[in-house]
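All values below come from the heavy atoms of this structure, side chains included, with hydrogens, waters and symmetry mates left out. Residue numbers begin at 1 in each chain, while the letters A, B, ... track the order of the sequences.
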Amino acid sequence: MKSAVILFPGTNRENDAIAALEQASGSKPQLVWHGETELPKVDLIMIPGGFSYGDYLRSGAMAGKSPVMRAVADQAKAGVSIIGVCNGFQILTETHLLPGALMRNAHLKFICKRAALKIENAETRFTSKYDAGQVVKYPVAHHDGNYFADSETLDRLEGEGRVALRYCDDDGVVAPETNLNGSQRNIAGILNEKGNVLGMMPHPENAIDPLHGGIDGRGLFSSMVEALS
Amino acid sequence: MKAKVYITLKNGVLDPQGKAIEHALGALDFGGVNEVRQGKMIELDIAESDEAKAKSQIEAMCEKLLANTVIENYAIELIG
Amino acid sequence: MKAKVYITLKNGVLDPQGKAIEHALGALDFGGVNEVRQGKMIELDIAESDEAKAKSQIEAMCEKLLANTVIENYAIELIG
Amino acid sequence: MSNDFNAIEITPELIAEHGITEEEREVLMNIMGRMPTYTELGIFSVMWSEHCSYKSSRFWLKTLPTEGPQVICGPGENAGVVDIGDGQAAIFKMESHNHPSYIEPYQGAATGVGGIMRDVFTMGARPIANLNALRFGSPDHPKTRHLVSGVVAGIGGYGNCMGVPTVGGETTFHPSYNGNILVNAMTIGLANADKIFYSKASGIGNPVVYVGSKTGRDGIHGATMASAEFDDNSDEKRPTVQVGDPFAEKLLLEACLELMAGDSIISIQDMGAAGLTSSSVEMADKGEVGIELWLDKVPMREEGMTPYELMLSESQERMLMVLKPGREEEARKIFEKWELDFAVIGTVTDTRHLVLKWDGEVVGDIPVPPLVDASPMYERPWEPTPKAVEIDAASVAAPSSLTGALKQMIGSPNMASKRWIWEQYDHLVMGETIQSPGGDAAVVRIPGKTKGIATSSDCNPVYVKADPIEGGKQAVAECWRNITATGAKPLAITNNMNFGNPERPNIMGQFVGAIKGMSEACIALDFPVVSGNVSLYNETKGEGILPTPVIGGIGVIADVAKSMNMALKNADEELVLIGETKGHMGSTLYLREIEGREEGTPPVVDLAVERRNGDFIRDLIDAGLVSACHDLSDGGLACAVTDMAMAGKLGATLSLTDSGLGNHVALFAEDQGRYLLSTANADKILEKAAASGVPATIVGKTGGDALTLGDGDAISLAELVDAHEGWLPNYMAQEA
Ligand SMILES: Nc1ncnc2c1ncn2[C@@H]1O[C@H](COP(=O)(O)OP(=O)(O)O)[C@@H](O)[C@H]1O
Ligand SMILES: [Mg+2]
């Protein structure tokens with residue numbers, strides 16, 4: 001699997017992303033600067049976490065309008081796989097490659113902790129190594145992870161199996177108490193219509209080493225390698 | 001020409017900040033405060049001096065960057 | 001009574017957001033935009049119907065919570 | 001025209017308003033041989049401020065031990081540098097932002113974090129970990145909640161955006177901080193040992209370059225603001241608060257590191273307190289050269305700024321560099337790529353003067369050596385702190401219930417979990433955090449290696465107040481112990497000396513005592529001081545804060561996979577107590593929380609014992625004989641075992657044998673140099689301990705879901721967790 005990682009001013013989890021991609025695929029991703037208008041030919045484009053443009057105005061807003069994102073949108077249309085994590089997810093919604101928006105966490109505070117997540121759809125190129133309903137643990141680290149979309153959109157997402165992950169408890173129970181940021185319907189990650197674009201708030205790339213306290217994140221990367229190699 | 005852009009959340013979009021403010025006002029014993037919503041105000045100075053043109057330029061800025069029209073409305077006020 | 005509170009950074013206080021927005025507008029080819037400052041607008045509905053009283057209540061809210069008066073100014077507009 | 005800038009008449013009153021004493025004015029006049037201009041006066045005033053000149057503390061700081069084979073660069077540069085092997089160096093320092101954080105908690109704390117990170121990356125290091133040591137007033141003081149929430153949000157806001165994990169720190173409450181909180185921030189960076197950047201300027205004619213954000217009128221001294229003219233809105237009192245722009249700093253970090261990868265920089269210095277003044281003076285002084293600055297070339301955020309304002313501004317996210325000749329364009333490209341300002345604003349000269357020009361005209365001219373060397377240094381009068389009363393353990397009543405007392409202590413503000421705070425900090429970014437906040441020391445792995453750095457910040461101000469020497473020792477020892485408890489070898493410390501008014505002999509006595517105690521401990525533990533910061537005059541209404549010399553230490557562990565934490569992991573293991581329990585009850589948490597008494601001598605630190613016990617622990621961990629390890633500090637044995645049980649979600653039983661002390665004393669005494677271990681190899685450990693002369697006793701067993709003290713006084717873990725985890729979130733939820 002050949003991959004590229006997009007860098008914006010203020011991106012800060014690129015090395016975490018690179019480490020995870022390299023561990024899973026055996027090859028180093030190419031780095032692409034935000035000003036580029038053309039992308040290398042790759043199987044996967046990853047938009048990592050961070051604070052592009054300081055999260056000023058709205059998180060992901062300015063990065064969403066950058067030249068490279070037009071190229072990413074073209075690639076998305078052409079069916080190339082794209083994953084946005086945390087700030088990457090915010091950028092994908094700002095670019096309208098994914099529906100909805102990520103608002104300030106309901107409790108208004110930044111939150112960094114290991115979170116339990118329920119795999120809602122295990123039949124995607126990003127999640128095939130998991131079982132449907134499986135509970136995995138990835139860390140979250142965000143201030144604006146409160147997923148919002150109108151109820152029509154939410155119904156559509158659910159109806160089309162496009163909710164990839166939800167916040168739950170250790171036993172997989174999805175409830176208001178397990179909703180760590182106020183997201184509509186506990187949504188932690190969603191897919192686009194074609195299923196080739198995934199956006200998610202949690203950080204699978206920070207759960208790939210036993211010394212991270214768990215390796216649940218590996219499944220996501222190995223799913224992609226299997227599907228895209 | 002100076003202008004102000006007001007960006008507000010659309011009806012039906014939850015506003016965590018507004019809600020928190022409302023709650024905090026209650027805790028501070030400011031009773032009877034409701035429907036608190038937090039929006040943004042962006043002030044700017046634009047070279048264009050023709051009102052109509054300035055307005056349409058700012059509109060374009062809102063559509064392209066300043067507002068996220070999925071969740072936000074905007075209003076423009078030219079100050080001159 | 002409905003009211004709007006406008007909260008702006010005091011003169012001379014660095015506004016990183018405004019700076020970044022100005023820069024981003026430039027990058028999007030909106031030339032000639034300067035002095036971009038970002039502020040907040042808070043809309044609220046207050047039970048008090050007497051204008052003077054409402055205003056002084058909101059002023060108290062600003063001093064106590066809504067504005068950070070060390071670096072911010074506020075202005076109140078009653079809408080009725 | 002340029003003279004207009006200095007048209008303000010210099011009167012004795014104006015000089016005094018600048019905080020310059022009469023004695024200092026004499027010296028100033030001798031140096032200048034004439035009346036200083038307004039701009040020059042401003043420069044003297046900031047250079048000779050307590051903050052920049054360390055005039056009250058310098059004499060005593062010089063007595064700290066700063067050497068060791070691991071030390072590459074001790075105090076005197078932007079941060080300390082220690083060798084961590086493999087040609088790598090750790091660069092670290094701590095700095096206070098106390099006063100600004102009280103005025104504006106979010107921005108004060110945020111810019112504190114920004115400032116300390118610049119101190120570290122200006123030396124060529126990429127920051128890899130942040131810590132923060134916080135002291136707030138009493139929880140029931142009306143301002144405390146607001147301060148806690150603002151400070152924590154500010155620290156997180158800045159550090160999170162920078163992508164540097166905040167992995168540790170400490171937070172306590174005490175009424176002495178009601179009007180004067182402490183916000184001390186520490187950063188650790190990683191560099192190649194042969195690629196460290198210093199501030200010493202050289203090369204006559206070389207360009208002096210300004211990079212980063214533009215200069216505004218931020219933080220220009222309040223007293224001096226009064227006499228400055230405002231160009232507009234003079235009715236609006238200009239705030240002196242600095243606002244941080246972490247995004248700009250992130251760009252500055254990346255741009256600096258990119259430029260540093262080449263060889264065009266001769267010297268570099270961040271602009272911190274006293275901005276352009278202290279950075280240019282420091283560069284010139286270290287290099288024994290002069291610097292000429294063309295102030296009209298400085299990138300400015302506001303119109304009409306004067307030389308005075310430019311020299312004194314504390315705008316954030318700026319750096320000053322001397323480049324090799326002809327390398328300007330190469331550097332400019334990098335900074336422009338990162339969308340930052342870049343300007344050549346001066347040149348290195350051979351005059352040893354700081355010369356300031358505006359449009360070619362001289363607006364200030366000060367000889368650098370006397371500006372620096374003749375800065376006042378006071379040997380302030382001090383009195384030793386009177387000895388506190390000795391608390392006889394036998395006089396301390398037993399509580400009606402041991403588990404009840406334990407629950408109360410573990411849920412008290414100072415012992416309660418600080419999760420509410422550190423979950424607002426991104427402690428995982430970079431993917432190298434091996435031990436997260438909440439343990440004894442945090443451990444971060446060095447990218448691409450198996451080794452890691454363990455780090456902790458510590459101080460028990462109640463001990464220091466009762467006995468500055470013992471308290472100073474204890475702070476160093478506790479930091480060393482925390483690092484040791486992870487299995488790492490402690491290497492060196494930084495510190496932040498937070499004290500009251502040094503002009504009071506009793507406060508100066510606290511300072512001197514703490515320095516003496518710290519020195520002793522640093523020597524005995526091979527734990528030298530490589531950097532630090534002093535914050536004096538922390539007082540309100542004549543009442544000083546508790547003396548708070550915060551120690552921030554680092555250590556190295558060869559294989560982070562072997563690093564130890566406190567969580568109990570296996571049932572049916574033995575709990576082994578290392579170290580001797582004599583029953584010290586003075587100044588303990590028990591005495592404060594259960595008896596409501598804040599008094600008595602603090603525990604004595606026997607440094608030889610401390611070292612022996614710690615070295616023993618490290619060997620056990622390295623030999624793989626231990627499954628959990630925690631040092632004993634506030635609340636003694638009982639609180640330590642509770643921490644371990646809660647962290648591992650596994651119960652334990654302490655068997656209370658008749659030690660002749662009384663159970664509550666055995667459980668809550670705060671004797672030093674002790675650790676609690678969980679192990680399946682108790683026999684082997686006891687054997688080794690006997691051979692090394694280390695006191696070791698089996699004190700209990702792991703298992704179950706309760707904590708049992710003695711034969712039956714049990715409390716469920718769930719109840720303890722509720723008390724421990726509940727306090728801070730509940731307290732903050734009443735936010736008003
Ligand atoms: N308490 C202390 N112990 C040891 N060194 C100190 C102490 N306080 C200050 N220093 C050293 O004095 C120098 C100047 O400190 P400071 O002005 O805080 O640095 P900076 O200007 O980089 O912020 C630094 O090298 C610092 O490490
Ligand atoms: Mg400890």
Exercise. Examine distances only and state if a side-chain atom of C:Gln17 and a backbone atom of A:Leu57 form a donor-acceptor pair shorter than 3.5 Å.
Key: yes

Quiz item: CD of A:Glu158: more than 12 outside heavy atoms within 6.0 angstrom?
Solution: yes

Self-check item: More than 12 heavy atoms of other groups within 6.0 Å of C:Lys55 NZ
Solution: no

Exercise. To the nearest 0.5 angstrom, please state how far the CG atom of C:Asp15 sits from the OH atom of A:Tyr56.
Key: 9.5 Å

Practice problem: Against chain A, label C:Leu28 side chain, backbone, both or neither, depending on which of its atoms sit under 4.5 Å from a heavy atom there. | Solution: side chain

Quiz item: Should we say atom NZ of A:Lys194 is surrounded by more than 12 heavy atoms from elsewhere, each under 6.0 Å from it?
Solution: yes

Quiz item: What's the spacing between C:Leu25 CG and A:Lys65 NZ if we round to 0.5 Å?
Solution: 11.5 Å

Quiz item: Which atoms of C:Ala20 come close to chain A, meaning under 4.5 Å heavy atom to heavy atom: side chain ones, backbone ones, both, or neither?
Solution: both

